[in-house]
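Within every chain, numbering begins at 1; the chains are lettered A, B, ... in the order of the sequence lines, protein sequences first and strands thereafter.
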Number of protein chains: 2
Amino acid sequence: MSDLRQEANSLDREDELRAKRKEFVLDDTVYLDGNSLGALPANVPGRVADVIARQWGELRIRSWDESGWWTAPERIGDRVAPLIGAAPGQVVVGDSTSVNVFKALVGAVRLARGEVSGAASGEVVGGGGHPDEGRDEIIVDATTFPTDGYIARSAARLTGCRITPLAPAEVPAALSPRTAAVLLNHADYRTGRLHDLPGLTAAVHAVGALAVWDLCHTAGALPVGVDAHGVDLAVGCTYKYLNGGPGSPAYLYVREEHQARFDSPLPGWTSHAEPFGMHPEFEAARGATRGRVGTPDILSMLALEAALDVWDGVSVDAVRAKSLALTDFFLRCVEAYVPEGRVESLTPGAHAERGSQVALRCEGAGDVMKSLIERGVVGDFRPPDVLRFGFTPLYVSFADAERAARVLAETLDA
Amino acid sequence: MSDLRQEANSLDREDELRAKRKEFVLDDTVYLDGNSLGALPANVPGRVADVIARQWGELRIRSWDESGWWTAPERIGDRVAPLIGAAPGQVVVGDSTSVNVFKALVGAVRLARGEVSGAASGEVVGGGGHPDEGRDEIIVDATTFPTDGYIARSAARLTGCRITPLAPAEVPAALSPRTAAVLLNHADYRTGRLHDLPGLTAAVHAVGALAVWDLCHTAGALPVGVDAHGVDLAVGCTYKYLNGGPGSPAYLYVREEHQARFDSPLPGWTSHAEPFGMHPEFEAARGATRGRVGTPDILSMLALEAALDVWDGVSVDAVRAKSLALTDFFLRCVEAYVPEGRVESLTPGAHAERGSQVALRCEGAGDVMKSLIERGVVGDFRPPDVLRFGFTPLYVSFADAERAARVLAETLDA
């Protein structure tokens, strides 16, 4: 057995998270695509079967109350909250990431302009205020996953803003008193580069603008610290490192100090202060509930709730430590096995700049990934020439990392 | 046995849809709340178990392609289409009804104003055009389910329109060349009154405005005929008469002739012409796909797909005929059993003005409904004084209708 295989086995024996792997349904595939779709937590099938057969099939309409369906968005939001460093009452689950980006950005522009009237529960949102129309710019991460950019353009068009796409490093120099909101990704979906959330948030605040963060590629893989770092609003999906299932509901974080003035562009009946009053006038609910819109999607939402059970007893710091150890080790294995010049890592070497994936530039990456998948190593391909390997610390082992690098070398050799 | 019980049994024996009842999970409850949450179709649990265990658990990321996840919104949209009288390619499933109302209304205002540039696939949406800013009014059904009104206000605020709430009957007289879009409910959620979709749509068109219909309370209960009657855009939920499960995805209909210029305020990566190209500029997909936004919610969506199997071989005309026979019979039983003056029907007697529910005004309706539920008859209560009974022709029997009226009389007598 090679030295690296022995080292992998040794690292796996010492891994304090190793017992978590048994809580997922896995086979002998090396699954490094958890940054796109997390593996199935073993308790999900049974939970969903009960939701369908008993809660829907037997209790039917009574489950909105008796099975806790109605309060699921806030309850599950409070399960996500500690994973992103949020105190309870600030996260609500529902809708897609794209829809939540829209709520967050339009809400951020209105907050930055002081457009709303400090509407607490019982007051009608939308009246009064002294709009600061001078703030007419949304800055958006030019390297973002595209949907954020599309939605940002729509939010800008509907609020009378111009849009400025910039690489995150260029943002501080471009900020001005005209800036209303800045939408940034915590990690770049293509390269895996981790951006400086505390520093960029502080720079945005220095000009009186609001920072909206997309946490899709970091929540569940490393500490985010939204409360500690003063993040204003944040969104994220739950189907990557949170393993909620295909297209599971996203979440919206609205910092507590902004909640009373958060004025969503999608005010639905479930974000009303008294949803069953059926009032013709909208009065926003208090707290995270204000981020809700329509009837929550219960089957997907309760599958997510079951999936979050795997986080019981897990420290996000331990997850981060293992994530860095895994990606370090994978890069070492790649360097040892793959002939020089065949791949180039786009992922920063410095830990402070690395998320939980490794992106390798590689000629013919699309075909290479197809071969890798045939050989039992699943990552994904992002055009034009990037191989992505996501490392989910709860179920990826060091042996997986070694095997992936070895099979990559064999594939390139073939 | 009373004459009405004998008549109920006779009507059930002659019911051409009676075999459908076996395709649902039912018990000895009389379930008349299918207009809020449809009963569980018997094939859903097995289908969802397969989606979770095999498609997610074993195939994982490959299922986006191999299990048809990616194309589910359009494929399931085409299953909903015949139920609302739409030819294929015009309906897409996803998001909540509220979110779809927002897409439809903002899209309708832009279409009415000619704001967009005839953006077909390959052209960037949002440039050019000759805005007809003179159209600055959205008319909304004042008796609507509240979320439609809240979203309409938000759409108006973001597009510079004023909002005019009116009862549907008052709409024709109020229409003017300033009207951009009109949002109406096909059936009133409280009274069950069916509105004149063909007549109102024609009136809206006569002033050059667009008609957006909310079909939540009619799709699956009666023929809608969106294509035949020139409806411009429509939305609806799938968890009432379509039995998709709690909070199952809603749908959006965009008439084919409007699709090339439909300019959604929520342009996400999945409505892009080339979603995996990861282009920074948005280019809208062709057809119904343009109504998509974010990653589709697969578990809920495929539960809905299974639920729609119960419509195989069902004629919507037969459903409508049974629905009217059921509500007629229920009203006769109520008249026969319930002492005069204790309840008053808010649901029109004329078939042309009736949906598939009966609403009875009743003193102490909240407590009366609680007692009914304890006695095995499940309807719901809408403040301040309305008992609602929904009749889902696929699984409600005439014996159910007779028993519900009898138990109502006993409850009021107690």
Side-chain angles (χ1 to χ4, degrees), chain A residues 25 27 31 33 36-37 39-40 44-45 48-49 52-53 56-58 60-61 63 69 95-99 102 126 142 145-147 149-151 153-154 157-158 165 237 245-249 265-269 272 277-280 282 293-300 303 378 380 382-383, chain B residues 25 27 31 33 36-37 39-40 44-45 48-49 52-53 56-58 60-61 63 69 95-99 102 126 142 145-147 149-151 153-154 157-158 165 237 245-249 265-269 272 277-280 282 293-300 303 378 380 382-383:
Chain A
V25 175
D27 49 27
Y31 190 65
D33 212 2
S36 186
L37 175 66
L40 172 63
V44 168
V48 174
I52 293 178
W56 175 14
E58 293 175 20
R60 287 183 286 257
I61 196 73
S63 274
W69 289 356
D95 304 309
S96 66
T97 306
S98 302
V99 169
F102 185 74
F145 185 77
T147 211
Y150 309 154
I151 294 286
R153 277 174 205 278
S154 176
R157 174 176 171 192
L158 287 166
C237 76
S248 55
L266 295 172
W269 75 289
H272 195 285
M278 305 289 161
H279 301 291
F282 185 71
V293 190
T295 305
D297 192 340
I298 293 302
L299 301 191
S300 293
V378 178
D380 63 21
R382 284 292 174 265
Chain B
V25 175
D27 50 26
Y31 190 65
D33 212 3
S36 187
L37 175 66
L40 172 64
V44 168
V48 174
I52 293 179
W56 174 14
E58 294 175 20
R60 287 183 286 257
I61 196 73
S63 274
W69 288 356
D95 303 310
S96 67
T97 306
S98 302
V99 169
F102 185 73
F145 185 76
T147 211
Y150 308 153
I151 294 287
R153 276 173 206 278
S154 176
R157 174 175 171 193
L158 287 166
C237 76
S248 56
L266 295 172
W269 76 289
H272 195 284
M278 304 288 161
H279 302 291
F282 185 72
V293 190
T295 304
D297 191 342
I298 294 302
L299 301 191
S300 294
V378 178
D380 63 20
R382 285 292 175 262

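- Proximity to chain A involves both the backbone and the side chain of B:Pro267, based on heavy atoms less than 4.5 angstrom apart.
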Taking it one step at a time, do B:Asp95 and A:Asp95 satisfy side chain to side chain contact (heavy atoms under 4.5 Å, CB included)?
-> CA-CA 7 Å; B:Asp95 303 310; A:Asp95 304 309; 5.8 Å; no
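- No other option in B:Pro246, B:Pro383, B:Gly268 has as many heavy-atom pairs under 4.5 Å with chain A as B:Pro246.
- Among the candidates B:Gly247, B:Gly294, B:Gly57, the residue making the largest number of heavy-atom pairs closer than 4.5 Å to chain A is B:Gly247.
- We find the CH2-OH distance between A:Trp269 and B:Tyr150 to be 10.0 Å, quoted to the nearest 0.5 Å.
- Using a 4.5 Å heavy-atom threshold, the side chains of B:Ser248 and A:Leu299 count as separate.
- At least one side-chain heavy atom of B:Arg60 sits less than 4.5 Å from a side-chain heavy atom of A:Asp27.
- Residue B:Val25 touches chain A through both its backbone and its side chain, counting heavy-atom pairs closer than 4.5 Å.
- Proximity of A:Trp69 to B:Leu37: side-chain heavy atoms (C-beta onward) are separated by under 4.5 Å at one or more points.
- Atoms OG and CG, on A:Ser98 and B:Leu266 in that order, are 8.5 Å from each other to the nearest 0.5 Å.
- Within the 4.5 angstrom heavy-atom criterion, only backbone atoms of A:Pro280 (N, CA, C, O) approach chain B.
- When each of A:Asp33, A:Val378, A:Thr147 is scored by its heavy-atom pairs under 4.5 Å with chain B, the top score falls to A:Thr147.
- Heavy atoms of B:Ser300 lying under 4.5 Å from chain A belong to its backbone as well as its side chain.
- The minimum heavy-atom distance between B:Pro265 and A:Ser154, with the atom names listed, is O-OG, 2.5 Å.
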B:Trp56 and A:Val44: CA distance, side-chain angles, deciding distance, side chain to side chain contact (heavy atoms under 4.5 Å, CB included) verdict = CA-CA 11 Å; B:Trp56 174 14; A:Val44 168; 3.9 Å; yes
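- Proximity of B:Ile52 to A:Val48: side-chain heavy atoms (C-beta onward) are separated by under 4.5 Å at one or more points.
- Here A:Ala39 is the residue among A:Ala39, A:Ser36, A:Pro165 with the most heavy-atom pairs under 4.5 Å with chain B.
- Contact tally against chain A (heavy-atom pairs below 4.5 Å) for B:Pro146, B:Pro45, B:Pro249, B:Gly277: the top residue is B:Pro146.
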Side chain to side chain contact (heavy atoms under 4.5 Å, CB included) evaluation trace for B:Ile61 with A:Tyr31 | CA-CA 10 Å; B:Ile61 196 73; A:Tyr31 190 65; 3.7 Å; yes
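- Using a 4.5 Å cut-off between heavy atoms, B:Asp297 contacts chain A through both its backbone and its side chain.
- Only the side chain of B:Ala303 comes within contact range of chain A, with at least one heavy atom under 4.5 Å from a heavy atom of that chain.
- Looking at A:His279, the atoms closer than 4.5 Å to chain B (heavy atoms on both sides) sit in the backbone and in the side chain alike.
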